[in-house]
Amino acid sequence: MKINFVNLKREFNLLEQKLIKDFLEVGNTGQYVNGKNLYEFERKIAKFLGVKYCIGVSSWTDGAILIFKAFSLKKSDEVITPSNSFLASCGAIVAAGATPVLADVDETYNLSYENAINLISNKTKVIMPVHLYGTPCEDIFKLKSLCRKRKIILIEDAAQSIGARIKRKMTGAIGDVGIFSLHPLKNLGIYGDGGIVSTNNKNVYEKLLLLRNHGLKNRDTATCWGYNARLSDLNAKFASTKLNYLNNWNKKHRNIAKYYNDNLDQSIIKPKINPNSESVFHNYIIRVKKRDRLKKYLFKNGIETSIHYPIPIHKQKPFINMNKIKLKNVEKFSKEILSLPIYHTLKKKEINYVVRKINLFMKKNRND
Amino acid sequence: MIRYSNLYLENKIILNKILNQVKKSIKTSKFILKDDVSIFEKNICKYLKIKYCVGLNSGTDALLMSLSQLNLKKGSEIITTPLTYVATISAILHVGAKPVFVDVGEDFNIDVSQIEKKITKNTKCILPVHLFGRCCDMNKIDQLAKKYNLSVIEDSAQSFGSKIKGKFSGTFGDIGCFSLHPMKTLNVLGDGGFIVTNNKKYANKIRTLRDHGRLKKKDKSLYLHYGFNSRLDNIQAAIANIKLKNINYLIKRRIENAALYKKFLSKEKKIKISFLNNKFKYYDSYNSFVILSKNKKKIIHKLKNNNVEVLQNLTQCITLEKHLFSDKKIRMKNAENFYKNSIYLPINPFLKKKEIKFICNLIISSINE
Ligand SMILES: Cc1ncc(COP(=O)(O)O)c(C=O)c1O
Ligand SMILES: Cc1ncc(COP(=O)(O)O)c(C=O)c1O
């Protein structure tokens, strides 16, 4: 059996007729940027998230850069964010001209209250937890009250967690701002780059509308210096169609995760399932000491896996050039974590096969 | 109704072709920087006769990334025109440099005879904008750049396919910046852009910058530096590849339309027409066609009443915007005049001869009323 780590073709086959209709509809409008399909999607996703405002942007990264600009961050302003994330979380901070402060994570793989509070200084302007792997950061509400007390801005990196909830609140709708990615591999993915910024703050919303569109308040008049960071109408339309299925797909992710949790070998460290939250399992992470051997073994057996992320951000060259730090958990985890295939079109017999092969490997290698 | 843009017509003809291409890309999961992007980059290199092309998310990003290659310091000055899209100027400011404005000449492009006196020890770069599909005098700009050791970054967003003596817009300076925005001559179904250059170092740096600083080598990827997410969508690249096949025809149609306008309007004393004068035999690709007239209001009124859609600048010259430039008064006489008197007439490839004639008759009758 051959099991790909991702399989977007299956999803496309499922929706082909609808997406083609979308394509022709937008194609025939002649309105490809700043058009009605973008605004419709923005209203729809705002409703889905339970926030007042959503702004479509050209990627998570561009959305984050614009948000940091909207809050006028300077070089001396620090942004605390976990090192266990995609490099872009940190890259956006630097691109916007601010200073990243990288934090360790706990057993949930996310930023904990303790990790954050130790790093707060009088330069801290923003805390940006990441709901990594689609799992809500458990301390998000504690971080929120901390931020309120200390007058720090709370920005949620919800790139991987669209539709995930904690205490019934959507991730990305808890802090001052949430930022999502619509990259093709995300749970709500389009066919190119894109992102969404969500907020209840009208000032932030209005500022962002300007910044993503050259600072223009109408076709001609600039009120500030902006950028081109728009989500295209075509992609907004695709996202809008897919949004109708998202809750259902996310539920399938949870079911697969539960199956893995229930059936994988006892000695494997599996994601904890928090009764207060609903992860969307963008990735399903296990931890084993013999990670590299297991990965090879699975590959030989036709199962593709991945590692999120093999090199923590603070060990990446761009960061090391500026700063050398040690973060115990992130470094340890990066050697042990493995991401198993998880997507809503994954078949029962495929999931079974993955479990069987992993358990077989664990059994064979029990004693070394 | 005569529409300013007939993009939906331009796309309608090839929409099925595009759809098949899009389906193919999706079915093979090609979304981010896959072979359609590299094919597009090769196609552009071949078309523009240049060594390197890097596909990006927009023309604005193309400007930002190009300018970021220049080792600018605070106080570095970049010479450019006040008569351009706002993105040209915001890009200069975003990289921390200071725009120094030189007024435009007859053809709405930077007046090259006025550049030299604006050059100081802080000047790092000349940024000509080839507006409306007409190249700036690159001969003169090249001379100045050599004499004072300046970089040249071209804003070719509006001049894909324009040439001077067979040499394409965007290939004169160190880097050429292009937009694939739907209103441009070569366009896609969303945002997109690219840079072209003969400088390998610049090409490689921008190639990694657009993808989070990542260098991809077979299975491995290496993060060399911090970067951005400014990738040309693979699907948009596939669309651009289809459109490129037809681009010469589309440009030819624009040129024919412009010739008709000139034929019908050139005798009118009360209006000034785009590029009536072509003493250097430039090849203009007519991304826009503009007339200037003191009777602007009357003309626009008449055209609107007859269901002709035209565009106009709804604002004053950007250098006069106090909330954007706190400097003491920068006076740009010609550019300011342009904002007061200009009308953008439809010039799209699907405009018919009789429509142009109709528009011209309306214009003539409105000024003589
Ligand atoms: C946690 C996280 N942050 C940021 C990003 C960057 O998102 P984008 O690719 O939309 O710029 C990603 C995804 O790639 C991500 O997973
Ligand atoms: C002269 C000029 N420069 C830059 C741009 C920006 O290009 P884009 O819209 O692709 O960001 C445009 C077009 O909008 C333009 O006309």
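The chains referred to below are lettered A, B, ... by the order of the sequence lines, with proteins before strands, and numbering in each begins at 1.
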Original post:
To the nearest 0.5 Å, how far apart are CG in B:Leu314 and CG in A:Asp220?
Top reply: 4.0 Å
**OP:** For A:Asp193 and B:Asn57, run side chain to side chain contact (heavy atoms under 4.5 Å, CB included): C-alpha distance rounded to whole Å, both residues' side-chain angles, the deciding distance at 0.1 Å, then the answer.
**Re:** CA-CA 9 Å; A:Asp193 277 304; B:Asn57 182 47; 5.8 Å; no
**OP:** Measure B:Asn313 against the heavy atoms of chain A and call it side chain, backbone, both or neither at under 4.5 Å.
**Re:** both
Subject >> Which of A:Val94, A:Asp233, A:Ile65 touches chain B most, by non-hydrogen pairs under 4.5 Å >> reply: A:Val94
Original post:
What's the shortest heavy-atom distance between A:Gly226 and B:Ser90, and which atoms?
Top reply: O-OG, 3.6 Å
Subject >> More than 12 heavy atoms of other groups within 6.0 Å of B:Lys74 NZ >> reply: no
**OP:** Considering only heavy atoms and a distance below 4.5 Å, find which of B:His181, B:Arg231, B:Arg214 pairs most often with chain A.
**Re:** B:Arg231
Subject >> Interface residue of largest heavy-atom contact number with chain B, from A:Leu234, A:Thr221, A:Leu87, A:Asn13, under 4.5 Å >> reply: A:Leu87
Subject >> Leading residue by heavy atom contact count with chain A [cutoff under 4.5 Å; candidates B:Leu232, B:Leu64, B:Ile89] >> reply: B:Ile89
Subject >> Parallel, tilted or perpendicular: ring planes of A:Trp225 versus B:Phe325, cut at 30 and 60 degrees >> reply: perpendicular
**OP:** Against chain A, label B:Ile32 side chain, backbone, both or neither, depending on which of its atoms sit under 4.5 Å from a heavy atom there.
**Re:** side chain
**OP:** Would you mind telling me which of A:Lys9, A:Lys69, A:Arg230 has the largest number of heavy-atom pairs within less than 4.5 Å of chain B?
**Re:** A:Arg230
**OP:** Select, from B:Asp191, B:Leu15, B:Val188, B:Asn11, the one with the greatest count of heavy-atom pairs under 4.5 Å involving chain A.
**Re:** B:Asp191
Original post:
Which pair of heavy atoms, one from B:Gly227 and one from A:Ala95, lies closest together, and at what distance?
Top reply: O-CB, 4.2 Å
Original post:
At their closest point, which heavy atom of A:Ser59 faces which heavy atom of B:Asn229, and how far apart are they?
Top reply: CB-ND2, 3.2 Å
Original post:
Who in residues 24-40 of chain A is close to chain B, using a strict under-4.5 Å heavy-atom cut-off?
Top reply: A:Leu24, A:Gly27, A:Asn28, A:Thr29, A:Gly30, A:Tyr32, A:Val33
**OP:** Mind checking side chain to side chain donor-acceptor pair (under 3.5 Å) for B:Gln312 and listing every partner two or more places apart, or none if nothing turns up?
**Re:** none
Original post:
For A:Ala222 and B:Val86, which heavy atoms make the closest approach, and how far apart are they?
Top reply: CB-CG2, 4.0 Å
**OP:** Against chain B, work out which of A:Phe319, A:Phe86, A:Trp60, A:Tyr191 has the most heavy-atom pairs shorter than 4.5 Å and name it.
**Re:** A:Tyr191
**OP:** Taking the side chain as every heavy atom from C-beta outward, state whether A:Ile190 and B:Asp233 have any atom pair closer than 4.5 Å.
**Re:** no
Original post:
Should B:Lys23 and A:Phe12 count as side-chain neighbours, where that means a heavy-atom distance under 4.5 Å?
Top reply: yes
Original post:
In Å and rounded to the nearest 0.5 Å, what is the OG to CD distance from B:Ser29 to A:Glu11?
Top reply: 9.5 Å
Original post:
Who pairs with B:Asn287 by side chain to side chain donor-acceptor pair (under 3.5 Å), at least two apart in sequence or on another chain?
Top reply: B:Thr185
**OP:** Output all residues satisfying ring-ring contact (aromatic ring centres under 6.0 Å, His included) with B:Tyr85, sequence neighbours left out; order by chain, then residue number.
**Re:** A:His214
Original post:
chain B heavy atoms under 4.5 Å from A:Leu185: which part of the residue, side chain, backbone, both or neither?
Top reply: neither
Subject >> Region of B:Leu9 in contact with chain A, defined by heavy-atom distances below 4.5 Å >> reply: neither
Original post:
Of all of B:Thr60, B:Asn234, B:Ile26, which one pairs up most often with chain A through heavy atoms under 4.5 Å apart?
Top reply: B:Ile26
Original post:
Is it the side chain or the backbone of B:Val22 that comes within 4.5 Å of chain A heavy atoms, both, or neither?
Top reply: side chain
**OP:** Identify the heavy atoms of A:Ser232 and B:Gly190 that sit nearest to each other, and give their distance.
**Re:** CB-CA, 3.9 Å
**OP:** Could you tell me which portion of B:Leu33 (side chain, backbone, both or neither) has an atom closer than 4.5 angstrom to a non-hydrogen atom of chain A?
**Re:** neither
Original post:
Can you check whether A:Lys317's main-chain N or O pairs, donor with acceptor, with B:His225's side chain at less than 3.5 Å?
Top reply: no
**OP:** Would you mind checking which part of B:Leu93 comes under 4.5 Å of any heavy atom in chain A, side chain (CB onward), backbone (N, CA, C, O), both or neither?
**Re:** side chain
**OP:** Report, as yes or no, whether the 6.0 Å neighbourhood of atom NZ on B:Lys12 holds more than 12 heavy atoms from other residues, nucleotides or ligands.
**Re:** no
Subject >> Partner chain A: residue of B:Tyr8, B:Tyr226, B:Phe228 with the largest heavy-atom pair count (under 4.5 Å) >> reply: B:Tyr226
Original post:
Top residue by heavy-atom pair count (under 4.5 Å) with chain B, among A:Asn218, A:Thr61, A:Leu19, A:Asn7?
Top reply: A:Thr61
